[in-house]
Colleague: 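Got a structure for you, questions after.
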Number of protein chains: 2
Amino acid sequence: MRSDAQANRERVLAAADEVFREFGQAGSTEEVARRAGVGIGTVFRHFPAKRLLVDATIVRHFGLLTATARARAQAADAGEAFRTTFRELVSGAPAKLALIALREETGSTGDVEAAVAELREAVGAVLSRAQEAGEVRPDVTVAEVYLLITALANAPGDGPVVDKAVGVVLDGLSPNGLA
Amino acid sequence: MRSDAQANRERVLAAADEVFREFGQAGSTEEVARRAGVGIGTVFRHFPAKRLLVDATIVRHFGLLTATARARAQAADAGEAFRTTFRELVSGAPAKLALIALREETGSTGDVEAAVAELREAVGAVLSRAQEAGEVRPDVTVAEVYLLITALANAPGDGPVVDKAVGVVLDGLSPNGLA
DNA sequence: TGCATTCCGGAGTCGTCACTCCGTATGTTT
DNA sequence: AAACATACGGAGTGACGACTCCGGAATGCA
């Protein structure tokens, strides 16, 4: 692979991440090309169909999220690790991911499924540790936690309100919150 | 207004509700016409622009939700009223409302804002009563509750998982859950 | 029942977007 | 530096969707 090709591929992916996060699937390929500073032809050379571009963007994004979740898994305080991971995934470092919502509609190649599965697994690991440490109620499963994360991640609203809402949910997940 | 015109208007709105819930804003006007059993011309006669159709659909939908919320406000048990309303709005009778998400993107006429405000107000009433009865922690505001509802309403996932997640959130909202 | 008015239907228009094609440019190899 | 392979750019194509227009049907009133 030629060096300029590789560089362009990166730039396209970065631009796509930006555009899709802003407009969802409705974001046009042309806009992606414009922001990447390349011609449309180049975008299609790398990703022959729009879905492939979307999928690649999602995989890339989820890769980052999985990495941060895995990093937390090593922390000493299991409860704190869980809560931090939860917060990070909701509104955290790699920025808002309206992409999670996109996932649902994409017919998607297996890559996407795999990336999602990996993220779930990483979340599951952090969750299990926290539950074993008695920091999170034992009756919840990864499915529920993951659902709560995606729900909150896609929620519209101002920062402080979201933070507070997340706090409420975390209280509900704590062992004291057991009904 | 002629009687057939009024009947058609209803049918178009019902079809629009269905289509937009299924496809979001991407649902085509033609599909709405098809399901309503009328020609496209008729749809545009009643709603001269697509946004007006979307807005009218949202207003209609929110009207139903507000009505159910208000009905609950009279119930004897304030805590139970709150929890029931919460559940109803998340996954309840008038069906899933991906429409709430739509609201965010629509440039929207004032009607929509008004309908949303009314629903928030109704939720606020139920919430206040529950808080006064000591059934819901006093430090949460309507904004947060409303955000939690919209977040969960748009969450993808199977019924049981959603139910459980809602349960967790309600635990977090209970006075015991206070951190 | 007849007439005026309102409304309906759907073929046609215009713009947009995903995707193609190929002449030109850039990187790589010898 | 020449020659070859690989990429790039962006005008062009086809499909689709919002919206228009008007001939023909309902509807309601006298």
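By convention in this document, chain letters (A, B, ...) are assigned in the order of the sequence lines, proteins followed by strands, and residues within each chain are numbered from 1.
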Colleague: Between B:Gly41 and B:Arg2, which has a closest nucleotide on DNA chain C that is more 5'?
Modeller: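 By nearest-heavy-atom nucleotide position, the 5'-most residue is B:Arg2.
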Colleague: Looking at every non-hydrogen atom in both residues, tell me the closest pair between A:Ala81 and A:Arg129 and how far apart they are.
Modeller: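 Heavy-atom minimum between the residues: CB-NH2, 4.5 Å.
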Colleague: Let me know the distance between CE of B:Met1 and P of D:dG28, rounded to the nearest Å.
Modeller: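 Distance check: B:Met1 CE to D:dG28 P gives 12 Å.
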Colleague: Consider the side chain of A:Ala5, meaning its heavy atoms from C-beta on, and name the nucleotide among D:dT27, D:dC19, D:dC8 that approaches it most closely.
Modeller: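 Selected nucleotide: D:dC8.
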Colleague: Determine yes or no for a side-chain-to-main-chain donor-acceptor pair under 3.5 angstrom, with B:Glu144 supplying the side chain and B:Thr141 the backbone.
Modeller: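 A pair under 3.5 Å: yes.
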Colleague: Less than 4.0 angstrom between a side-chain N/O of A:Thr42 and OP1 or OP2 of D:dA7, yes or no?
Modeller: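 No, A:Thr42 has no side-chain N/O under 4.0 Å of OP1/OP2 on D:dA7.
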Colleague: In terms of the nearest nucleotide of DNA chain D, which residue is placed more toward the 5' end: A:Arg11 or B:Arg45?
Modeller: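 Closer to the 5' end of DNA chain D: A:Arg11.
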Colleague: Run the numbers on B:Arg35 and B:Glu31 for salt bridge (charged side-chain N to carboxylate O under 4.0 Å, His left out), then give the verdict.
Modeller: CA-CA 6 Å; B:Arg35 294 205 195 182; B:Glu31 179 66 18; 2.9 Å; yes
Colleague: Going by distance alone, is a donor N or O of one side chain under 3.5 Å from an acceptor N or O of the other, for B:Ser128 and B:Gln131?
Modeller: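 No donor-acceptor contact under 3.5 Å links the two side chains.
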Colleague: What are the two closest heavy atoms between B:Arg11 and B:Gly37, and how far apart are they?
Modeller: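 For B:Arg11 versus B:Gly37, the nearest heavy atoms are NH2-O, 4.1 Å.
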Colleague: Quick one: on DNA chain D, does B:Ser3 or B:Phe47 contact a more 5' nucleotide (nearest heavy atom)?
Modeller: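 Taking each residue's closest nucleotide, the earlier one in sequence belongs to B:Phe47.
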Colleague: Rounded to whole angstrom units, what separation is found between the CD1 atom of A:Ile40 and the C1' atom of D:dA7?
Modeller: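 Taking CD1 of A:Ile40 and C1' of D:dA7, I get 16 Å after rounding.
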Colleague: Using a 4.0 Å heavy-atom cut-off, does A:Ala33 contact any base of the nucleic acid, only the sugar-phosphate backbone, or nothing at all?
Modeller: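 The residue A:Ala33 makes no contact with any strand.
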Colleague: Counting only side-chain N and O atoms of A:Asn8, is one of them less than 4.0 Å from OP1 or OP2 of D:dC8?
Modeller: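 It does, given that an N or O in the side chain of A:Asn8 lies less than 4.0 Å from OP1 or OP2 of D:dC8.
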Colleague: When the distance from CG of A:Asp4 to P of D:dA5 is rounded to whole Å, what number comes out?
Modeller: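 For the pair A:Asp4 CG and D:dA5 P, the rounded distance is 17 Å.
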Colleague: On DNA chain C, which is the earliest and which the latest nucleotide, 5' to 3', with an atom closer than 4.0 Å to a heavy atom of chain B?
Modeller: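 Range of nucleotides within reach of chain B: C:dT6 to C:dG10.
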